[in-house]
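Each remark here refers to the structure printed beneath this line.
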Amino acid sequence: FLYEEDQKVKIPDFLAKLENIVYHEELGTVADKVRRVRAISDELARKLRADETTRADVSRTADLCKFDLVTQMVYEFPELQGIMGEDYALKAGEKPEVARAINEHYSPRNAGDTPPASLVGAIVGIAEKIDTIVGCFSIGIIPTGSQDPYALRRQAAGIVSTLLAHELELTLPELFQLALDAHAAARPPKREAFDILKDLGEFFSLRVKNVLTEQQIRYDAIDAVLSAGSDDVRRTLLRAKALQAETEEARKEAFRPAVEAFGRVCNLASKAGDNRQVVADLFADPAEGALYEAWQKAHGEFARAMAEARMTDALDALKGLAGPINRFFDAVMVMAEDEAVRNNRLGLLATIADDVKSFADFSKWVG
């Protein structure tokens with residue numbers, strides 16, 4: 001009976017009813033949420049350089065993604081949200097891709113569920129979840145302990161798993177800012193944007209850590225790469241996997257000298273402050289020039305590999321510096337009495353440390 005009654009109502013009439021359903025007293029109606037999800041989805045599709053057809057499907061899916069919430073079937077059986085949306089959308093003549101994405105955008109619905117299979121479902125799903133999370137954080141609703149009434153942890157984990165499943169070239173700060181902009185366009189945020197972004201970064205870092213743990217990455221590799229940042233989820237996972245490979249029995253002893261060399265570099269580099277100036281004329285020992293030349297070559301390879309997400313190659317480029325670094329330390333006293341020579345050596349170590357620390361904090365690697 002409910003199913004047949006729903007067939008008598010057109011989708012635009014369902015959408016009109018969303019204007020009267022309060023999503024949250026401080027975040028507006030469900031219709032307001034849909035408009036934000038549409039704005040975020042459109043920007044995500046543009047950033048991801050989706051083709052014209054995909055972008056049109058994303059917009060349409062975002063517009064329709066919540067219409068079934070006011071159907072009699074979903075009112076009676078809330079667990080059917082999305083499922084009825086897909087069915088009714090198909091019956092109303094919507095494209096199969098749009099209908100499927102209306103259902104998919106809720107995925108993953110629980111810990112054992114899979115992310116959306118289609119790109120359209122993935123984009124709208126990410127947009128819908130980040131709108132919820134950023135909206136809650138903007139009004140001070142942040143999960144603490146076992147308290148998480150809006151299931152924000154599950155939704156954040158869903159975003160992370162979707163980013164990984166589709167290998168999306170999208171950073172978390174970009175995502176946060178899109179959602180913040182969408183909320184700010186509707187009403188001034190209750191909290192300072194800086195504080196919201198800081199809390200979001202910490203919150204998602206824990207979700208990324210959990211996902212890496214589920215991927216069987218060792219705890220020390222996870223801690224090492226997370227210390228270098230987790231803004232780009234896909235690249236964070238790839239860095240962790242590259243580092244994990246060095247813990248294999250056949251490789252870890254060969255890797256240990258590199259880790260020790262990186263540790264010495266980073267410890268002394270902390271004394272350089274903002275100094276990154278390296279003047280070849282101030283080199284007092286051939287080992288200095290040799291290390292500088294080795295770094296210049298390695299840096300180019302490292303930067304290209306990092307940009308192209310070839311993390312094993314990036315790590316190999318860094319490992320190649322271990323020998324020149326150790327010979328440098330054997331040959332010179334970094335903290336020389338001559339201030340110019342001392343600062344030059346510290347500047348050289350700081351430039352190397354910048355590359356090392358952008359990959360991982362190797363002091364956390366146990367091996």
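Quick caveat: nothing in here was measured; it's all calculated off a predicted structure.
For the side-chain contact (heavy atoms from CB on, under 4.5 Å) test with T61, the passing option among V37, N103, V98 is V98; the others fail. Tested against V120, the residues T53, I102, V58 include a single side-chain contact (heavy atoms from CB on, under 4.5 Å) partner, V58. Considering D68, L69, L64, T71 in turn, T71 is the only one that fulfils the side-chain contact (heavy atoms from CB on, under 4.5 Å) rule with F14.
Clustering ILVMFWY residues whenever any of their side-chain heavy atoms sit less than 4.5 angstrom apart, transitively, puts L200 in the very cluster that holds I139. By the criterion of side-chain heavy atoms lying less than 4.5 angstrom apart, applied directly or through intervening Ile, Leu, Val, Met, Phe, Trp or Tyr residues, L206 is not grouped with L175; the two fall into different hydrophobic clusters. Under a hydrophobic-cluster definition in which Ile, Leu, Val, Met, Phe, Trp and Tyr are linked whenever side-chain heavy atoms come within less than 4.5 Å, directly or via other members, L80 and L2 are assigned to the same cluster. Connection of Y23 to I21 is established within a shared hydrophobic cluster, with ILVMFWY side chains joined at heavy-atom distances below 4.5 Å, either directly or through further cluster members.
Using a cutoff of 4.0 Å between basic side-chain nitrogens and carboxylate oxygens, K319 and D316 are scored as salt-bridged. Look at K297 and E293 and you find no salt bridge, because none of the NZ, NE, NH1 or NH2 atoms lies under 4.0 Å from a carboxylate O. Salt bridge absent: R310 and E301 never bring a charged side-chain N and a carboxylate O closer than 4.0 Å. Ion pairing between a basic and an acidic side chain is recognised when a charged N comes within 4.0 Å of a carboxylate O; R46 and D42 show no such pairing. Comment: R55 does not engage E52 in a salt bridge, judged by the lack of any side-chain N to carboxylate O separation of less than 4.0 angstrom. Look at E169 and R234 and you find a salt bridge, because one of the NZ, NE, NH1 or NH2 atoms lies within 4.0 Å of a carboxylate O, short of that distance. For the pair D13 and K17, the salt-bridge criterion is not met [side-chain N within less than 4.0 Å of a carboxylate O]. For R327 and D330, the salt-bridge test fails: no basic side-chain N is under 4.0 Å from an acidic carboxylate O.
Ring planes of F359 and F302: tilted class, angle from 30 to 60°. Relative ring orientation between H24 and Y150 is described as tilted, the plane-to-plane angle lying within the 30° to 60° band.
How far CD of Q215 is from CG of L237: 5.0 Å, rounded to the nearest 0.5 Å. With rounding to the nearest 0.5 angstrom, the CG atom of D131 is 9.5 Å from the OG atom of S41. Note that NZ of K190 and CD1 of I196 are 11.0 Å apart. Values are rounded to the nearest 0.5 Å. Going from atom CD1 of I222 over to atom OG1 of T236 covers 11.5 Å, rounded to the nearest 0.5 Å.
At least one donor-acceptor pair under 3.5 Å links the side chain of S138 to the backbone N or O of G135. With hydrogens and angles disregarded, a donor-acceptor distance shorter than 3.5 Å links the side chain of R239 to the backbone of V225. Remark: the backbone N or O of A340 is not paired with any side-chain donor or acceptor of N344 at under 3.5 angstrom. Between the side chain of N275 and the backbone N or O of N343, at least one donor-acceptor pair lies under 3.5 Å. Remark: the backbone N or O of S161 is not paired with any side-chain donor or acceptor of R207 at under 3.5 angstrom. N326 places a side-chain N or O within donor-acceptor distance of the main-chain N or O of A322, the cut-off being under 3.5 Å.
In this structure, T351 and R276 approach most closely via the heavy-atom pair CG2-O, 3.7 Å. When all heavy atoms of F203 and I133 are compared, the pair lying nearest together is CE2-CG2, 4.4 Å. Closest of all the heavy-atom pairs between A336 and V341 is CB-CG1, 4.1 Å. Here the shortest heavy-atom pairing between S107 and P116 reads O-CD, 3.5 Å. The nearest pair of heavy atoms linking E26 to R187 is O-CD, 3.2 Å. Nearest heavy atoms, A92 versus I11: CB-CD1, 3.7 Å.
More than 12 heavy-atom neighbours from other residues, nucleotides or ligands sit within 6.0 angstrom of CD on E308. Annotation: M335, atom CE; neighbour count of heavy atoms from other residues, nucleotides and ligands within 6.0 Å is above 12. Atom OH of Y3 is surrounded by more than 12 heavy atoms from other residues, nucleotides or ligands within 6.0 Å. Counting heavy atoms of neighbouring residues, nucleotides and ligands inside a 6.0 Å radius, atom CD of E79 exceeds 12 of them. Counting non-hydrogen atoms of neighbouring residues, nucleotides and ligands closer than 6.0 angstrom, the CD atom of Q7 exceeds 12 such neighbours.
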(request) Carefully, step by step, assess T29 and N20 under the rule side chain to side chain contact (heavy atoms under 4.5 Å, CB included). (result) CA-CA 7 Å; T29 65; N20 301 316; over 6 Å; no

(message) Pair E43, K47 - check salt bridge (charged side-chain N to carboxylate O under 4.0 Å, His left out), show working.
(response) CA-CA 6 Å; E43 275 301 303; K47 278 183 174 290; 5.6 Å; no

(request) For the pair F328 and R264, evaluate side chain to side chain contact (heavy atoms under 4.5 Å, CB included) and give the outcome as yes or no after the intermediate values. (result) CA-CA 11 Å; F328 168 85; R264 295 181 74 183; over 6 Å; no

(request) Please lay out, stage by stage, how K357 and S227 fare under the test side-chain hydrogen bond (donor to acceptor under 3.5 Å, both in side chains). (result) CA-CA 8 Å; K357 289 188 288 188; S227 294; over 6 Å; no

(message) If you apply the rule side chain to side chain contact (heavy atoms under 4.5 Å, CB included), what do you find for K66 with H105, and how did you get there?
(response) CA-CA 10 Å; K66 300 299 180 187; H105 93 281; 3.2 Å; yes

(request) Quick one: do K241 and M311 satisfy side chain to side chain contact (heavy atoms under 4.5 Å, CB included)? Show the steps, please. (result) CA-CA 8 Å; K241 285 184 172 179; M311 298 308 174; over 6 Å; no

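Side-chain contact between L27 and K33 is absent, with no heavy atoms from C-beta onward closer than 4.5 Å.
Side-chain polar atoms of Q177 and D181 form a donor-acceptor pair below 3.5 angstrom. A donor-acceptor contact closer than 3.5 angstrom links the side chains of E174 and T171.
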